[in-house]
Protein chains: 2
Amino acid sequence: MQHEWAVLEPTTLTERVYDVLRARIIEGDWGSGNFLREKEISGKLGVSRTPVREALARLAADGFLERIPHRGFKIPHNSANDLLDLYPILAALEVLAAAEGFKEMGKERLDALRSINESYRAAYALQDPKEGVRLNNQFHNLLTVDCTNPKLSQMILSLQAEVFRLECWALVNIHCWDVSIREHEELLNAIESSDYNEALKILEKNRSMTVHDFSNFTEKETD
Amino acid sequence: MQHEWAVLEPTTLTERVYDVLRARIIEGDWGSGNFLREKEISGKLGVSRTPVREALARLAADGFLERIPHRGFKIPHNSANDLLDLYPILAALEVLAAAEGFKEMGKERLDALRSINESYRAAYALQDPKEGVRLNNQFHNLLTVDCTNPKLSQMILSLQAEVFRLECWALVNIHCWDVSIREHEELLNAIESSDYNEALKILEKNRSMTVHDFSNFTEKETD
DNA sequence: GGTGAGTATATTGCATTCAATGTTCAATGT
DNA sequence: ACATTGAACATTGAATGCAATATACTCACC
């Protein structure tokens, strides 16, 4: 048999700028409220303003930036409310995506999920909030990755990234990890014993769990 | 009390081009698979390629166009599958949005919804498929318009527009209108008698109803 | 001292130009 | 006749320059 030939996807500068900026925004490299200046970014990346503008526009369309006409693109003001808005949406969509996937989940996937959850537990023991947020995100990501509905899959990925960014920012407020970790276990056990309705119920509960005790949290402005 | 002063939103050419193109795409002015040429559009609108490019990029991000690097933007291939993918998502999100709204729905809104549904029935009697699609969309739109979750609201609006475009295209295949109309009535009655759980169940069923009998439907290519 | 007009500066929006890529089609060789 | 090559063309991608808009600042005026 011949070698498998990987197809060379045609790419553009805009695409690469988008990837770079998206990663940095999610990592929280800019404080909320800060404007991303086209000239500064294009200078640092060594490209013209055009691909930067296009990348910023895409990021705004994806919800990672807020666009203000004639003023620019800025990191949206982080707020607990945004998380409260996102959780129920993500819960509904993840349940929808997982509904089919659960039935065909093999042992290797269950093991991978258990492994992630164990790392999650370790991060909890070490009080490493950023790592915990990352692992929780990874867990949910792997749970819904084989969704056969492409539109749904794409929406979930985008929302998970947005939630990830906000949770990275709100680190200290993500508590109750022990509950979250226990729920993940129960979820996997339910899947393993083919109790899919129970699994879906747990998943929905798990996604909205962190909602509590956000109420008295207000943002520290940076602009 | 002073007059209400509508804030003058600063606008851009890109924005206006976006609105124009979006409306035309939804109306089905281009056949599926056709490329939208930047030069042609900018010429007809009397602007340069730049705002057209930005508008097209936004439309692609919103799912109204498919972007192929170095080739251009084209109308996505319509397919029944896309509708099948969208319906369950929209069902889940509309249920989520409506869950709160139902409880505070006043009489004037119920009347408005009934009125739309009557027009829907009239369109059915006249066998006017496009008008029916439009009214069904309007019904669902008004049902979820007061959603207090801005992110959810925005997602629903975008999905409703995409479904609208596809349903306009698939006109002949939207049948079972009588069932849809009856369900709308039952939905409104359930809301009126404060039976919200029942209302939500009907809404979800209604959104996935048109799914049947699409299976043997294949697209006529145009490129 | 505070307020407001007017100017200067910074930044985005748009147009234009050039470069890179993809496509078409005729010429060439087998 | 068919496949392949390469050149002409069309189209998008990116860079540059200019115009429009927003903000910051200065200075006169109350």
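These figures come from a predicted structure and were not determined experimentally. A, B, ... follow the sequence lines: proteins, then strands. Residue 1 opens every chain.
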Check ion pair R134(A)-E27(A) (N to O, under 4.0 angstrom):
no
Separation of dA14(D) P from E38(A) CD (nearest whole Å)
15 Å
Heavy-atom nearest nucleotide on DNA chain C for G46(B) versus H70(B): which residue maps closer to 5'?
G46(B)
Contact nearer the 5' end of DNA chain D, comparing G72(B) with P51(A)
G72(B)
Give the rounded distance in Å between these two atoms: CZ of F73(A) and P of dA10(C).
21 Å
Of the listed nucleotides (dA14(D), dG13(C), dT12(D)), which one gets closest to any side-chain atom of R53(A)?
dG13(C)
Please classify the nucleic acid contact of T12(A) as base, sugar-phosphate, or nothing, using heavy-atom distances under 4.0 Å.
sugar-phosphate
With a cut-off of less than 4.0 Å, is there a side-chain N or O of R37(B) near OP1 or OP2 of dT12(D)?
yes
Out of dT12(D), dG13(D), dC14(C), minimum distance to the side chain of R67(B) belongs to dG13(D)
Check this one for me: any side-chain N or O of R71(B) less than 4.0 Å away from OP1 or OP2 of dT11(D)?
no
Salt bridge or not for R58(B) and E54(B), using N-O below 4.0 Å?
no
Without decimals, in angstroms, what is the distance between N34(A) CG and dT11(C) C1'?
16 Å
Check the distance between dA14(D)'s C1' and E54(B)'s CD and give it to me in whole angstrom.
13 Å
To the nearest angstrom, how far is K39(A) atom NZ from dA15(D) atom P?
16 Å
From the set dT12(D), dC14(C), dG22(C), return the single nucleotide nearest to any side-chain atom of T14(B).
dC14(C)
Could a donor-acceptor pair under 3.5 angstrom be found where the side chain of R49(B) meets the base of dG13(D)?
yes
Distance check: side-chain N/O of T50(B) vs OP1/OP2 of dG13(C), anything under 4.0 Å?
no
Within the structure, does a side-chain N or O atom of S48(B) lie under 4.0 Å from either OP1 or OP2 of dA15(C)?
yes
Residue pair Y120(B) / S180(B), side-chain donor-acceptor N/O under 3.5 Å
yes
Can you tell whether the side chains of R109(A) and D146(A) come within less than 4.0 Å, N to carboxylate O?
yes
Where at least one partner belongs to residues 133-153 of chain B, residue pairs that pass ring-ring contact (aromatic ring centres under 6.0 Å, His included), sequence neighbours excluded:
F139(B)-H184(B), H140(B)-H184(B)
Rounding to an integer number of Å, can you tell me how far L13(A) CG sits from dT16(D) P?
12 Å
Watson-Crick or G-U wobble partner of dG29(C), both distances under 3.5 Å
dC2(D)
Using atom CG of L65(A) as one end and atom P of dT12(C) as the other, report the distance to the nearest whole Å.
12 Å
Within the side chain of S42(A), is there an N or O that forms a donor-acceptor pair under 3.5 Å with the backbone of K39(A)?
yes
Assign L36(A) to base, sugar-phosphate, or nothing according to its heavy-atom contacts below 4.0 angstrom with the strands shown.
sugar-phosphate
I68(A) CD1 to dT12(C) C1': how many Å, rounded?
12 Å
